[in-house]
Number of protein chains: 2
Amino acid sequence: MTQIKENSTRNFNKATSPCPVTYAINKIGGHWKPIILYQLMSGPKRYSELKRAIPAVTEKMLIQHLKQLQDDNLVIRKAENVVPPFVTYFLSEAGEDLTIVLNAMAEWGIRDSKRHLKSA
Amino acid sequence: MTQIKENSTRNFNKATSPCPVTYAINKIGGHWKPIILYQLMSGPKRYSELKRAIPAVTEKMLIQHLKQLQDDNLVIRKAENVVPPFVTYFLSEAGEDLTIVLNAMAEWGIRDSKRHLKSA
DNA sequence: CAGAATCCTATACGATACTG
DNA sequence: CAGTATCGTATAGGATTCTG
């Protein structure tokens with residue numbers, strides 16, 4: 001039945017990579033995670049605020065990645081038990097620590113796009 | 001023929017996102033790109049050296065991402081015209097600029113894994 | 001040595017509709 | 001408001017074989 005190999009590269013990857021960059025990628029590597037985290041850097045946000053802040057993301061992706069970020073202890077979800085629901089997301093301590101990374105990424109992005117304007 | 005919508009979110013994403021983090025993700029977002037770049041930070045490397053340094057990557061992924069990194073002007077390929085072939089890869093100026101980002105990622109990775117050791 | 005080609009699976013991602 | 005559920009496509013990624 002076209003089994004997947006026990007020792008496939010895929011399994012090996014997830015298992016034990018001592019590379020800290022690999023470790024980080026596995027936590028913030030999704031296409032949307034850095035963007036979500038970047039939005040949360042400016043403070044707690046409601047679900048609907050995040051959706052508005054990132055128009056390109058679908059509800060499915062937003063929820064899915066928010067869940068993964070919670071599982072990885074980067075984001076904390078706080079829900080008031082009221083009607084209508086009031087749910088806010090904010091960075092955990094580990095999430096706050098990513099500020100340096102995300103800012104570096106953002107700065108590089110700006111610098112690199114400028115570089116291409118010049119050479120164009 | 002199950003056409004894709006003209007104004008699909010997918011197209012919108014690639015088009016114009018003003019978010020610098022999104023821009024950066026689009027350039028270094030692949031699962032392997034940061035790892036490859038991280039390896040090249042320590043200096044020029046031959047193809048085979050990269051392969052050895054990153055055992056988990058397949059040849060296809062390695063070549064594919066190296067190509068994309070070249071297209072994005074982050075990595076430069078230099079081939080000596082000899083037999084057997086001698087090809088080295090090294091960081092461009094823009095690639096070097098990523099050092100800050102990659103180091104920040106690596107440091108965060110180390111810190112975060114320590115954090116989980118404590119709480120476990 | 002450095003890579004290209006082929007074929008396949010797994011996952012990411014998106015659109016839409018529905019719910020407590 | 002803040003999600004779930006379902007279904008579909010697109011892309012990433014992997015195994016293997018072959019070549020200048």
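Residue numbers start from 1 in every chain, and the chains themselves are labelled A, B, ... in the order their sequence lines are given, proteins ahead of strands. These figures come from a predicted structure and were not determined experimentally.
- Using a 4.0 Å cut-off, no side-chain N or O of B:Arg46 falls inside it from OP1 or OP2 of C:dC1.
- In this structure, of C:dA4, D:dA2, C:dA2, it is C:dA4 that holds the atom nearest to the side chain of B:Ile63.
- At least one side-chain nitrogen or oxygen of A:Tyr89 sits closer than 4.0 Å to the OP1 or OP2 atom of D:dG3.
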With a 3.5 Å cut-off and sequence neighbours excluded, list the donor-acceptor pairs that the side chains of residues 94-101 of chain B form with protein atoms.
unit_1: B:Asp97; atom_1: OD2; unit_2: A:Arg111; atom_2: NH1; d: 3.1
unit_1: B:Asp97; atom_1: OD2; unit_2: A:Arg115; atom_2: NH2; d: 3.0
unit_1: B:Thr99; atom_1: OG1; unit_2: B:Glu96; atom_2: O; d: 2.5

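- Atom NZ in A:Lys78 sits about 14 Å away from atom P in D:dG3, given to the nearest Å.
- In this structure, A:His65 atom NE2 and C:dA12 atom C1' are separated by 8 Å, rounded to whole Å.
- The CD-C1' distance, from B:Glu49 to C:dA2, rounds to 13 Å in whole Å.
- The residue A:Glu59 sits close to a base: some heavy atom pair falls under 4.0 Å.
- Within the 4.0 Å cut-off from OP1 or OP2 of D:dT4, at least one side-chain nitrogen or oxygen of A:Lys67 is found.
- Hydrophobic clustering places B:Leu50 together with B:Val75 (ILVMFWY residues linked when any side-chain heavy atoms are closer than 4.5 Å, directly or through intermediates).
- For the pair B:His31 and C:dA12, the criterion of a side-chain N or O lying under 4.0 Å from OP1 or OP2 is not met.
- Criterion: ILVMFWY side-chain heavy atoms under 4.5 Å apart, direct or through other members. Under it, A:Leu40 and A:Phe86 are not part of a common hydrophobic cluster.
- Nucleotide D:dA2 holds its C1' atom 13 Å from the CZ atom of A:Arg52, rounded to whole Å.
- In this structure, CD1 in B:Ile35 is found 12.5 Å from CE in B:Met61, a value given to the nearest 0.5 Å.
- Regarding A:Tyr47, its OH atom lies at a distance of 9 Å from the C1' atom of D:dC1, rounded to whole Å.
- Checking the phosphate oxygens (OP1, OP2) of C:dA2, a side-chain nitrogen or oxygen of B:Ser48 falls inside 4.0 Å.
- We find that CG of A:Asn81 is positioned 16 Å from P of C:dG20, with the value rounded to whole Å.
- The side chain of B:Thr58 sits closest to D:dA15 out of D:dA2, D:dA15, D:dG13.
- Checking B:Lys33 against B:Gln68 by side-chain atom types alone, a donor-acceptor pair falls below 3.5 Å.
- The interatomic distance linking A:Glu80 (CD) with D:dG3 (P) rounds to 13 Å, in whole Å.
- Put simply, CD1 on B:Ile54 is 14 Å from P on C:dA2, counting in whole angstrom units.
- Side-chain atoms of A:Met61 lie closest to C:dC13 of the nucleotides C:dC13, D:dA2, C:dA2.
- Position along DNA chain C of the nearest nucleotide to B:Leu66 versus A:Gly30 favours B:Leu66 as the more 5'-ward residue.
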